[in-house]
Amino acid sequence: MLLTGYLRDNQESVIERLKKKNFKQIELVSQAVEKDNERKKIQNQLDELLAQNNKLAEQIGTLMKSGLKEEGNVLKAETVALKEKSKELQSTLDECEKDLHDILVQIPNLPYELVPHGTTAEENEVVFSSGALPELPAEALPHWELCAKYDIIDFELGVKLTGAGFPVYKGKGAKLQRALINFFLEKAAEAGYLEVQPPILVNAQSGYGTGQLPDKEGQMYYVGMDEFYLIPTAEVPVTNIYRDVIIKAEDLPIKNTAYTPCFRREAGSYGKDVRGLNRLHQFDKVEIVQIQHPEKSYQTLEEMREYVAGLLNELQLPYRTLRLCGGDMSFASAMTYDMEVYSAAQKKWLEVSSVSNFESFQANRLKLRFREGNNKPALAHTLNGSALALPRIVAAILENNQTPQGIMIPEVLVKYTGFSIIN
RNA sequence: GGAGACUUGUCCGAGUGGUUGAAGGAGCAAGCCUGGAAAGUUUGUAUACGCGCAAGUGUAUCGAGGGUUCGAAUCCCUCAGUCUCCGCCA
């Protein structure tokens, strides 16, 4: 959520920048400013009334104390009309604030200056590519066939238990999952991230805090009986840890990592995009989150991008890094890098990480602030990235590392898996 | 799940209807003191939204939301959480 004060003072440049994000409803900006002015006016009036009432109440108090009941009752009569009016104003104020809020939550974050122009994924800027793509012999299999061949991931069984998109990992498949999770968590710990294990069900307030609600309500599984949502990413619970918190500037940056299963309804996805591990309803992911001083957040974004790249290097997977164009970025992001690995049998780039700086967009909703010395608290910047999402990493490992003898496990994982080949 | 007790500022803790945004203490910050430090001492120490160039000032906030009242941290209702006892159970 953007700050109304900022919208008011920078209307023109805000509109320019929103256009870069391919946002159509730019009239919302001026609507927000107008609503905010209205809000101020109403609040002024209401404050005035309440102040009068408070004064009268105080006077009545002293009169009653000194036994002047009559005079007190006279003043009491005066408060009746005041009270009624202020009640009325209060409800118009509530309504106005709600309207304002409804407008604000529809306005996406502003793109950072480095964000390229563009509306579709084709216009994303490739900022790094790890070189020549691996070529597999013609008889190479896509990962879903490898899964069946070695009986390590069973999609059919998942359908029986739950439905499509909920695979069952078996034997070395299950162990590979566990190995990846441990590898990622250990690397994150080495890089200074504090591991947390959050709930994977969250309340609506947390959903609002990080922006999944009201925007993407239909993308989350909802547990109606208790009004909880299954998390689509660990970002939600982990970032919400800091909701309504004021952090000391010297404690920044805050670095957290978490492994969680993630749940996404993926309504509207279909066809070959959802084949095998490419797109699941439930998957495992290790997430990294940082809360940083506004002046350092872009430096931190680069650091996080490099960190994720390091993981991919260690796994010896071919990858490229994209700087997303304005139109392809998420609602809340100011700048995003996507990391894609090449899955050689499918001959496809698969997104395995998305590293974003949200600047103060989430922090404003979360009321996540920091304080420098005795200054007033200011909104912090939030960043997060996948490090990494497992299924597509697994897909790429299976496909790229297949040999006639079996699937070779990347060197760095062997100490976690306890085996070096799936055969 | 049943019964009871409780939920106050960074922390501890007072406060059962009338200058209480909130006593007192601790912590923290600044000044004094000291060769330096400790101790001592003085002052300051919430957040949000308005108005104001500023000093300042108005309003709201004592778990959350509603209600009673001229006036609520204090009374009533609902919800959430914590603790104790019972029940159940990984």
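Hydrogens, waters and symmetry mates play no part in the numbers below; they use all other heavy atoms, side chains included. Because the structure is predicted, anything quoted here is derived from the model rather than measured. Residue numbering restarts at 1 for every chain, and letters A, B, ... go by the order of the sequence lines.
Helical stems in RNA chain B, defined as runs of 3 or more consecutive Watson-Crick or G-U wobble pairs with donor-acceptor distances under 3.5 Å: B:1-7 with B:80-86, B:10-12 with B:24-26, B:27-32 with B:40-45, B:46-51 with B:56-61, B:63-67 with B:75-79.
For residues 377-390 of chain A, there are no salt bridge (Lys or Arg N to Asp or Glu O under 4.0 Å) pairs, not counting sequence neighbours.
For the side-chain hydrogen bond (donor to acceptor under 3.5 Å, both in side chains) with Ser354(A), the lone residue among Thr233(A), Asp338(A), Asn384(A) that qualifies is Asp338(A).
Atom-to-atom distance recorded for Lys170(A):NZ and Ile153(A):CD1 is 10.5 Å, nearest 0.5 angstrom.
With sequence neighbours excluded, the residues forming a side-chain contact (heavy atoms from CB on, under 4.5 Å) with Val223(A) are Leu201(A), Phe228(A), listed by chain and number. For Lys19(A), the salt bridge (charged side-chain N to carboxylate O under 4.0 Å, His left out) criterion is met by Glu16(A), not counting sequence neighbours.
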Inset, instruction - Report the C-alpha distance between Val245(A) and Arg369(A) in whole Å, list the side-chain angles of each, state the deciding distance to 0.1 Å, and finish with yes or no for side chain to side chain contact (heavy atoms under 4.5 Å, CB included). - result: CA-CA 6 Å; Val245(A) 169; Arg369(A) 293 166 293 175; over 6 Å; no

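Comparing U69(B) with G4(B), their P atoms sit 29 Å apart, to the nearest whole Å.
Of all nucleotides in RNA chain B having an atom under 4.0 Å from a heavy atom of chain A, the first and last in 5' to 3' order are G18(B) to G71(B).
A heavy atom lying under 4.0 Å from RNA chain B marks the following residues of residues 35-48 of chain A, by number: Arg39(A), Lys40(A), Gln43(A), Asn44(A), Asp47(A).
Within the 4.0 angstrom heavy-atom criterion, base atoms lie near Ile60(A). Nucleic acid contact for Asn54(A): sugar-phosphate only, since backbone atoms but no base atoms lie under 4.0 Å from a heavy atom of the residue.
Counting only N and O atoms by type, the side chains of Ser206(A) and Asn203(A) include a donor and acceptor under 3.5 Å apart.
Taking the charged nitrogens against the carboxylate oxygens, Lys248(A) and Glu250(A) have no contact shorter than 4.0 Å, which rules out a salt bridge.
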